[in-house]
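The sequence lines fix the lettering, A, B, ..., with proteins before strands; numbering per chain opens at 1. The analysis underlying the following values was restricted to heavy atoms, covering all of them including side chains, and did not include hydrogens, waters or symmetry mates. These figures come from a predicted structure and were not determined experimentally.
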There are 2 protein chains.
Amino acid sequence: MKDNNATYVLLGLLSHNPMTGYDIKKAVATRMSYFWDLSYGQIYPTLKQLEKNKLITKQVKNNPNGPTRKVYTITEAGIKELQAWLTKPAKKEVHKYEFLLKLIFGDQAPPELNQKHIEEFKERNQKILQTMNAFEENLKPILNQSESHYYVLLTILLGKSISKASVEWADNTLKIFQEHKLGGEKL
Amino acid sequence: MKDNNATYVLLGLLSHNPMTGYDIKKAVATRMSYFWDLSYGQIYPTLKQLEKNKLITKQVKNNPNGPTRKVYTITEAGIKELQAWLTKPAKKEVHKYEFLLKLIFGDQAPPELNQKHIEEFKERNQKILQTMNAFEENLKPILNQSESHYYVLLTILLGKSISKASVEWADNTLKIFQEHKLGGEKL
DNA sequence: AAAGCCATGTAACCAGTTACATGATTCT
DNA sequence: AGAATCATGTAACTGGTTACATGGCTTT
């Protein structure tokens, strides 16, 4: 049994609801969009492997409009596996900020270009903030329906804080760029 | 010529100073620690390939105390390649928060465990904050020595803002956990 | 004496992306 | 009519990690 994170994302999601691979993709792309990602190239093979290890079971449902849906349900053994993983300390966060890679070598580029990278970073974060706010609004009215919603909310709140801090940094930095430009000097 | 990011990290660093593979590893681990990482398994093969493509040149320096140092210097063609890459828009940021993956499935675990994950996240971010503050202090006195230092500073400031926001989120979240525990209810 | 740093590198592996293939239904 | 969504999946590739190998010097 492989113990990569993809495995536990699937087990975790299936611990809430039986789902198809397609559903899982969508669930990750929405409620985990800020901090995780999974492609079909990971999902389908992992589902197959989890089934083989009896951590999930499959029900093939005939679908009149479209291909047959394969709905997966977590087993007792699957729940145990998930819970065991939860007790292990989390690895440290991994970040890849390609734009910072470009900015840190900014002395090799015209200031306008550096500014453009910062502006685009700002826009990406504003978009994330909007998405997170929308999730939060959707979540609020159903918060009492399931304990799991509280935990989803917590992850959204972190996404919001970080995006907000990122937008603020971008604003401050752009201001500095602007001041130096007005003065006619190089940064 | 491959155009993965490792290539441009090396070109960028070498655009500031001639360096060995070992130096590059250390430079990434310090000034880029917040937003990038490279292993020797990427560095040495990439250096070889960059040399073959004449974007960098190698000087073998005999080293009395230890193995021979291979110092790499960027060429004109290398600078051009770097600058061309800088003009391309940056890909969006990639984040992996394994602890959020554990937290989002927190309904499958005892509250103390979720709390522990948050506390460890907080500690990681406090450590980063300390490191960033130390970098900032080291940078301040030499800020005028080279334009590139300003750009390094900007990346440090973003790292600081995000870590600060993360610590604050952790504090707020832990407070909520504490309140619910005192009240005897489940979260 | 042992741990850690300096300094090189490779091979095997694991993680993750992308492009492709298929095809019906539903929305604009 | 065309685009998007539903729904499955694989193969080839790229990116990145880890473990190993080597060995002297320096610090505790």
Open item on the list: With a 4.0 Å cutoff (strictly under), does any side-chain N or O of A:K61 reach OP1 or OP2 of D:dA7?
Closed with: no
Open item on the list: Listing request: all salt bridge (charged side-chain N to carboxylate O under 4.0 Å, His left out) pairs with a residue in residues 35-48 of chain A, at least two apart in sequence or in separate chains.
Closed with: none
Open item on the list: Measuring from atom CD1 of B:I176 to atom CD of B:Q178, what distance do you get when rounded to the nearest 0.5 angstrom?
Closed with: 11.5 Å
Task: Between CD on residue A:Q49 and CD1 on residue A:I56, distance to nearest 0.5 Å - done: 9.5 Å
Task: Between P of C:dA15 and CG of B:L101, the distance in whole Å - done: 14 Å
TODO: Give the rounded distance in Å between these two atoms: CG of A:N5 and P of D:dG16.
DONE: 17 Å
Task: A:W36 or B:V71, whichever maps to the more 5' nucleotide of DNA chain C - done: B:V71
Task: d(CG, B:N62; P, C:dC6) in whole Å - done: 19 Å
What side-chain donor-acceptor pairs closer than 3.5 Å can you find for residues 39-46 of chain B, not counting sequence neighbours?
unit_1, atom_1, unit_2, atom_2, d
B:Q42, OE1, B:S39, N, 3.3
B:T46, OG1, B:Q42, O, 2.5

Task: B:Y44 OH to D:dT17 P, straight-line distance once rounded to whole Å - done: 16 Å
Open item on the list: With the threshold set at under 4.0 Å for non-hydrogen atoms, list the residues of residues 88-97 of chain A touching DNA chain C in residue-number order.
Closed with: none
Task: Integer-rounded Å distance: D:dT8 P and A:Q59 CD - done: 13 Å
- [ ] Give a yes/no on whether any side-chain N or O of B:N4 is located under 4.0 angstrom from OP1 or OP2 of D:dT14.
- [x] no
Task: Whole angstrom value for the distance that separates C1' of D:dC25 from CZ of B:R69 - done: 14 Å
Task: Closest non-hydrogen atom pair, B:W169 against B:L100 - done: CH2-CD2, 4.5 Å
Open item on the list: If the condition is ring-ring contact (aromatic ring centres under 6.0 Å, His included), which residues does B:W85 pass it with, not counting sequence neighbours?
Closed with: B:Y8
Task: Stretch residues 16-32 of chain B: residues that reach within less than 4.0 Å of DNA chain C through a heavy atom - done: B:T20, B:G21, B:Y22, B:K26
- [ ] Tell me which nucleotide among D:dT8, C:dG9, D:dA7 gets nearest to the side chain of A:K70.
- [x] D:dT8
Task: Over 12 non-hydrogen atoms of neighbours within 6.0 angstrom of NZ in B:K91 - done: no
TODO: To the nearest 0.5 Å, tell me how far B:L157 CG sits from B:M132 CE.
DONE: 10.0 Å
TODO: Report yes or no: does B:D23 contribute a side-chain atom to a donor-acceptor pair with the main-chain N or O of B:T20 at less than 3.5 Å?
DONE: yes
Task: Atom-pair distance (NZ on B:K48; P on C:dT8), nearest Å - done: 13 Å
Task: Contact pattern, 5' to 3', of nucleotides 18-28 of chain C - B, S or - by protein heavy atom under 4.0 Å - done: B----B-SS--
Open item on the list: Taking B:K140 first and then B:E137, would you say they form a salt bridge - that is, a charged N and a carboxylate O separated by under 4.0 Å?
Closed with: yes
- [ ] Please examine the side chains of B:T131 and B:T30, heavy atoms only from C-beta on, and report whether any two atoms are closer than 4.5 Å.
- [x] no
Open item on the list: When you compare the side chain of A:W36 with that of B:K96, does any pair of heavy atoms fall below 4.5 Å?
Closed with: yes
Open item on the list: Using whole Å, what does the distance between atom C1' of nucleotide C:dG16 and atom CG of A:L10 come to?
Closed with: 14 Å
